[in-house]
2 protein chains.
Amino acid sequence: MSLPHAILTALLEKPSSGLELTRRFDKSIRYFWSATHQQIYRELGRLEQAGLIRELPQQLPSQGQRKEYEVLPAGRAELAAWVARPEDPKPLRDALLLRLRAAALVGPQGLAAELHRHRALHQQALDEYLTIERRDFTADRTTEADRLQHLVLRAGISLETNWIAWLDEAATELGPPEPFTADPHR
Amino acid sequence: MSLPHAILTALLEKPSSGLELTRRFDKSIRYFWSATHQQIYRELGRLEQAGLIRELPQQLPSQGQRKEYEVLPAGRAELAAWVARPEDPKPLRDALLLRLRAAALVGPQGLAAELHRHRALHQQALDEYLTIERRDFTADRTTEADRLQHLVLRAGISLETNWIAWLDEAATELGPPEPFTADPHR
DNA sequence: GCCTCCATGTAACACGTTACATGATTCG
DNA sequence: CGAATCATGTAACGTGTTACATGGAGGC
């Protein structure tokens with residue numbers, strides 16, 4: 001039940017068409033909530049039917065088929081209510097941890113390489129976050145909105161940092177990407 | 001594509017019936033991969049049809065309807081292959097971060113209480129993990145399987161620790177659960 | 001005219017969730 | 001007998017994913 005609220009948030013920042021929303025998701029919101037254009041179109045239809053958003057009358061006539069949406073007061077109210085609504089965090093769900101547990105039974109052949117690959121991906125994500133932080137959050141002109149957005153970014157930074165540290169630990173535990181090991185069954 | 005492998009892992013540890021698997025998921029695997037009994041039954045059927053597991057002939061006759069399954073060699077092979085198969089980590093997907101971003105637009109009323117509640121839940125999870133660690137991973141009798149399982153547990157511990165630290169930071173940023181604030185819009 | 005990109009959408013499926021159904025065993 | 005519990009399963013739905021369809025606009 002979060003996608004509609006993600007869309008409301010994005011539309012509040014700036015009224016947009018479906019494809020524009022998709023691009024903005026790709027650029028920023030996807031860092032903590034990704035969505036494909038099909039999901040977005042489906043949800044835009046529902047939100048419109050629910051009376052939370054409405055289609056803007058085209059200011060530029062005959063501009064293809066673009067449909068711009070804006071948030072209605074009911075939509076803003078729903079979003080504000082959702083911000084405070086109790087909703088438990090989703091339990092952890094991580095395939096790599098599952099694979100480690102499986103490796104404890106069938107042997108860790110090939111796992112070290114995967115850990116190494118994941119480390120690189122997390123490092124890449126971290127670098128991206130740090131770049132954004134340097135670009136957008138240096139000054140001390142801190143409105144409340146700025147501070148909240150920075151907080152979100154710092155969550156991403158510390159999560160990725162945490163994964164990297166753990167993956168390093170895991171790599172030490174497993175040893176280097178084993179070329180050959182004795183006892184392939186275990 | 002991880003649930004079948006979670007089930008194969010659990011069945012390798014010990015052949016079980018559907019309900020037994022559900023309970024064992026609830027007890028241990030759910031810490032990083034939860035599943036309901038319906039998912040498990042559906043998947044057991046598929047795994048059997050795929051020839052990765054098979055129904056054990058009942059040793060105790062007339063024991064109700066219980067169906068015990070065991071992993072076949074093809075199942076073990078599939079699991080071993082999966083351990084090394086490249087599979088990218090799922091991007092972060094966290095509703096609380098989304099809510100913070102929404103709060104930057106519609107105001108953080110009520111958010112502080114949610115953060116506090118989440119902190120308590122993460123603290124609870126952390127305590128649980130630490131208890132398990134003290135109980136199961138004290139001795140220095142470290143087989144490779146032990147070390148891998150401990151590694152998985154440490155991932156959970158450091159993730160929860162990380163969330164708690166971040167939530168504390170967030171609480172500081174937001175201030176105490178605001179009783180009243182000026183300017184309710186913005 | 002043709003290709004590409006823009007923009008919206010349909011269809012089908014995989015996975016996960018919730019509610020309910022069915023029958024067998026156990027216990028008071 | 002009746003209720004609770006065990007054990008397996010069906011049905012329906014919501015969300016997310018993938019592939020494909022349609023039709024207009026702009027460039028060569």
Side-chain angles (χ1 to χ4, degrees), chain A residues 1-8 10-11 15-27 29-30 32-50 53 55-56 58 60-69 82 87-95 98, chain B residues 1-8 10-11 15-27 29-30 32-50 53-56 58-69 82 87-95 98:
Chain A
M1 281 294 297
S2 290
L3 178 58
H5 301 100
I7 291 178
L8 287 173
L11 284 183
S16 305
S17 67
L19 198 62
E20 254 182 285
L21 275 179
T22 304
R23 299 225 169 91
R24 290 173 50 206
F25 264 71
D26 278 351
K27 240 191 308 179
I29 296 178
R30 72 105 200 260
F32 43 91
W33 205 278
S34 60
T36 63
H37 77 276
Q38 291 83 349
Q39 277 180 279
I40 289 172
Y41 283 122
R42 184 159 63 188
E43 205 62 45
L44 281 172
R46 288 178 194 165
L47 286 168
E48 187 176 23
Q49 269 212 311
I53 64 176
E55 195 179 335
L56 274 179
Q58 292 309 84
L60 305 171
S62 85
Q63 202 201 358
Q65 313 292 95
R66 293 187 66 216
K67 288 204 269 181
E68 291 231 310
Y69 293 93
W82 177 71
E87 194 176 300
D88 286 356
K90 294 258 133 188
L92 179 58
R93 200 152 240 256
D94 188 288
L98 205 52
Chain B
M1 282 295 296
S2 290
L3 178 60
H5 302 101
I7 292 178
L8 286 174
L11 283 183
S16 305
S17 66
L19 198 63
E20 252 182 285
L21 275 179
T22 305
R23 298 224 169 92
R24 290 174 49 207
F25 263 72
D26 278 352
K27 240 191 305 180
I29 295 179
R30 72 105 198 260
F32 42 91
W33 205 276
S34 60
T36 63
H37 78 276
Q38 291 82 351
Q39 278 180 277
I40 288 172
Y41 283 123
R42 186 160 59 188
E43 206 61 46
L44 281 172
R46 289 179 194 164
L47 285 168
E48 188 177 23
Q49 269 210 310
I53 64 176
R54 67 158 189 175
E55 195 178 326
L56 274 179
Q58 291 309 86
Q59 52 281 65
L60 304 170
S62 87
Q63 200 201 359
Q65 313 293 97
R66 293 189 67 216
K67 288 203 270 181
E68 291 231 313
Y69 293 93
W82 177 71
E87 194 176 300
D88 286 356
K90 293 257 131 189
L92 180 57
R93 199 154 240 257
D94 187 289
L98 205 52

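Protein chains get the first letters and strands the later ones, always in sequence-line order, with residue 1 at the start of each. Since the model is a prediction, treat every value here as computed from it, not as a measurement.
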remark   = Whole-Å distance, A:Glu20 CD to C:dA7 P, equals 8 Å

Shorter than 3.5 Å, N or O on both sides, protein versus nucleotides 20-23 of chain C: list them out with atom names.
none

query = Does a side-chain N-to-carboxylate-O contact under 4.0 Å join B:Arg46 and B:Glu43?
reply = yes

ask   = Phosphate oxygens OP1/OP2 of D:dG9: is one of them under 4.0 Å from a side-chain N or O of B:Tyr41?
value = no

ask   = Given atom CZ of A:Arg30 and atom P of D:dG16, what is their separation to the nearest angstrom?
value = 17 Å

Any A:Leu11 side-chain heavy atom under 4.5 Å of A:Leu44 side chain = yes

key: Heavy-atom check, side chain of A:Glu87 versus side chain of A:Ser2, under 4.5 Å   = yes

query = With a 3.5 Å cut-off and just heavy-atom distances, do the side chain of B:Arg42 and the base of C:dG16 make a donor-acceptor pair?
reply = yes

message = Testing the basics here: between B:Arg24 and B:Ser16, what is the closest heavy-atom pair and its distance to 0.1 Å?
response = NH1-OG, 2.7 Å

remark   = The nucleotide from D:dT17, D:dG16, D:dG9 with an atom nearest the side chain of B:Lys67 is D:dG9

ask   = Listed by chain and number, what are the ring pair (Phe, Tyr, Trp, His ring centres under 6.0 Å) partners of A:Tyr41, not counting sequence neighbours?
value = A:His37

task = Could you say whether B:Leu19 or A:Trp33 is positioned toward the 5' end of DNA chain D, judged by the nucleotide with the nearest heavy atom to each?
result = B:Leu19

query = Looking only at side-chain N and O atoms, does A:Gln39 come under 4.0 Å of OP1 or OP2 in D:dT17?
reply = yes

inquiry  = Closest approach to the side chain of A:Leu3, judged atom by atom: which nucleotide of D:dG16, D:dT17, D:dG9 is it?
reply    = D:dG16

inquiry  = If I take atom CG in residue B:Leu47 and atom C1' in nucleotide C:dC15, what distance separates them, rounded to the nearest angstrom?
reply    = 14 Å

inquiry  = It should be established whether B:Arg66 places a side-chain nitrogen or oxygen under 4.0 Å from OP1 or OP2 of nucleotide D:dT5.
reply    = no

request  = For residues A:Ser34 and B:Arg93, determine if any side-chain heavy atom of one lies less than 4.5 Å from a side-chain heavy atom of the other.
outcome  = yes

message = Counting C-beta onward and ignoring hydrogens, is there a side-chain heavy-atom pair between A:Leu21 and A:Ile7 closer than 4.5 Å?
response = yes

task = Output yes when at least one side-chain N/O atom of A:Lys90 is less than 4.0 Å from OP1 or OP2 of C:dG16, else no.
result = no

ask   = Between B:Met1 (CE) and D:dT18 (P), how many Å, whole number?
value = 13 Å

note = Whole-Å distance, A:Arg46 CZ to C:dG9 C1', equals 14 Å

query = Counting any heavy atom closer than 4.0 Å, what does A:Ser17 reach on the DNA or RNA strands: base, sugar-phosphate only, or nothing?
reply = sugar-phosphate

task = Rounded to the nearest angstrom, tell me the gap between atom CD in B:Glu43 and atom P in D:dT8.
result = 16 Å

query = Rounded to whole angstrom units, what separation is found between the CG atom of A:Leu44 and the P atom of C:dT10?
reply = 13 Å

